[in-house]
Structures are given as C-alpha cells and as structure tokens.
Amino acid sequence: MQKRYRLSRSRDFDTVYRHGRSVSTRFLTLHWFTREDDSEQEPRLGVAVPKAAGSAVVRNRLKRQLREAWRERLDTIPAGQDYVIVARPGLAESVEARGAHWLRERIDEVLGKAAA
C-alpha cells in the first residue's frame, strides 16, 4: 500500500480514536474520522495489532495481510476519511486456518457495519 494511503503519525491515530466513530465485530474494530481539510483526498489507513495477537512475526504478517485486503477495496472506500483497523484476539489464528479470502470478508463485514 502506498504511503499516501497510510496513517503513520501517532497524532493522526489519536485524532481518529478521540474524535472519530467506531464499530466492532468479533475479530476487528474499525475507527474512522472524516477529515475536514480536504474531502477529496484518498482514504488513509492505520493498522493496530496488539501484542496479545502473538509474536512480532505473527503481528507483522497480520498487518501486511490487513493492508493488502484494504488496498483491494480502495475504490469502494469513501474519500476524505482516516481509518484505523484494530485486530482483536484470535484473528491471526483464524486467518491462518481460513485464508486471505476469509479476512477480506471480515473487512467487508466491518465496513458494512460502519456504512449502516
């Protein structure tokens, strides 16, 4: 995923957490915040995987998989918003057992809840 589509500063994460909205599913929590500076900019994503998810290898693999699944959906995601996906315990094992297609379905599920 290109850098312009990512949240990287902790200040940006804090803004999304404090001023945004959120929805949760069994395996993911999605936080989002509408930027007021320019609504035509690309949506940006931040990924948070807590240490409870596993070792550093497991967490980094899960982050890569989440970013890739998100990148495939960029054309359907509203512009001008910042998003943070937080992985919940059990996600890494479930992705390992069920595959990347299952992860994409979980992202669609949480995006659907956010749109409702």
Side-chain angles (χ1 to χ4, degrees):
M1 199 163 74
Q2 294 178 357
K3 210 169 192 175
R4 67 182 176 183
Y5 296 117
R6 289 193 215 164
L7 288 180
S8 58
R9 296 182 297 190
S10 75
R11 183 176 72 207
D12 294 335
F13 277 82
D14 287 343
T15 301
V16 175
Y17 287 137
R18 291 183 184 170
H19 302 292
R21 300 185 60 202
S22 68
V23 294
S24 292
T25 61
R26 165 67 180 88
F27 293 104
L28 294 171
T29 300
L30 178 69
H31 299 266
W32 74 95
F33 175 72
T34 303
R35 285 178 274 155
E36 296 170 4
D37 56 349
D38 185 8
S39 63
E40 295 302 316
Q41 290 182 342
E42 299 90 4
R44 297 185 304 174
L45 173 70
V47 178
V49 181
K51 286 187 178 182
S55 68
V57 173
V58 170
R59 292 192 313 268
N60 287 329
R61 180 182 303 127
L62 189 54
K63 286 183 217 176
R64 287 192 305 271
Q65 291 170 329
L66 285 166
R67 281 190 210 108
E68 177 60 22
W70 185 268
R71 186 189 63 78
E72 293 172 358
R73 279 146 184 71
L74 274 177
D75 56 338
T76 63
I77 296 171
Q81 295 190 359
D82 290 342
Y83 296 89
V84 175
I85 290 183
V86 181
R88 298 183 72 187
L91 179 63
E93 295 84 10
S94 297
V95 171
E96 186 70 29
R98 297 178 181 139
H101 178 70
W102 180 85
L103 180 61
R104 290 191 287 275
E105 289 174 356
R106 299 295 67 80
I107 289 178
D108 289 340
E109 178 184 9
V110 78
L111 284 171
K113 281 183 82 169

Open item on the list: For R9, is there an ion pair with D14 - N to carboxylate O distance below 4.0 angstrom?
Closed with: no
Open item on the list: Could you check whether any side-chain heavy atom of E68 comes within less than 4.5 Å of a side-chain heavy atom of Q65, counting everything from C-beta outward?
Closed with: no
Task: Side chain proximity check, D108 to R73, heavy atoms < 4.5 angstrom - done: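 Touching, per the 4.5 Å side-chain cut-off.
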TODO: Answer with yes or no after comparing the ring centroid distance for Y5 and W70 against a 6.0 Å cut-off, counting only values under it.
DONE: no
Task: Check: K63 side chain, V49 main-chain N or O, donor-acceptor pair, under 3.5 Å - done: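 No, K63 side chain to V49 backbone: no donor-acceptor pair under 3.5 Å.
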Open item on the list: In this structure, would V58 and L62 fall into the same cluster of hydrophobic residues linked by side-chain contacts under 4.5 Å?
Closed with: no
Open item on the list: Show, in sequence, the C-alpha distance, side-chain angles and deciding distance for R88 and T29, and conclude whether the side-chain contact (heavy atoms from CB on, under 4.5 Å) test is met.
Closed with: CA-CA 7 Å; R88 298 183 72 187; T29 300; 3.4 Å; yes
Task: Which atom of P43 lies closest to which atom of P78, heavy atoms considered - done: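 Heavy-atom minimum between the residues: CB-O, 3.5 Å.
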TODO: Give the minimum heavy-atom separation between E93 and A53, together with the two atoms involved.
DONE: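 Closest approach of E93 to A53: OE2-O, 4.2 Å.
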TODO: Count the heavy atoms of every other residue, nucleotide or ligand shown that sit under 6.0 Å from CZ of R21, and state whether that count exceeds 12.
DONE: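 Not buried by this count: 12 neighbours or fewer within 6.0 Å.
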- [ ] Take atom CD of E72 as the centre, draw a 6.0 Å sphere, and report whether it contains more than 12 heavy atoms from other residues, nucleotides or ligands.
- [x]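 Atom CD in E72 is crowded, with more than 12 foreign heavy atoms closer than 6.0 Å.
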TODO: Step by step, work out the side-chain hydrogen bond (donor to acceptor under 3.5 Å, both in side chains) result for Q81 and R35.
DONE: CA-CA 5 Å; Q81 295 190 359; R35 285 178 274 155; over 6 Å; no
Task: L28 CG to K113 NZ distance, which is reported to the nearest 0.5 Å - done: 11.0 Å
TODO: Measure the spacing between OG of S8 and CG of L45 and express it to the nearest 0.5 Å.
DONE: 11.5 Å
Listing, residues 99-107 side-chain donor-acceptor contacts under 3.5 Å, not counting sequence neighbours, or none:
from, atom 1, to, atom 2, distance (Å)
H101, NE2, E105, OE2, 2.8
R106, NE, E109, OE1, 2.9

Task: With D82, the side-chain hydrogen bond (donor to acceptor under 3.5 Å, both in side chains) member among H31, R44, Q41, H19 - done: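 Answer after filtering H31, R44, Q41, H19: R44.
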- [ ] Given side-chain contact (heavy atoms from CB on, under 4.5 Å), test V23 with W32 step by step and report yes or no.
- [x] CA-CA 9 Å; V23 294; W32 74 95; 3.9 Å; yes
- [ ] Starting from F33, walk the hydrophobic network (Ile, Leu, Val, Met, Phe, Trp, Tyr; side-chain heavy atoms closer than 4.5 Å) and list everyone else you reach, by chain and number.
- [x] L7, F13, V16, Y17, V84, V86
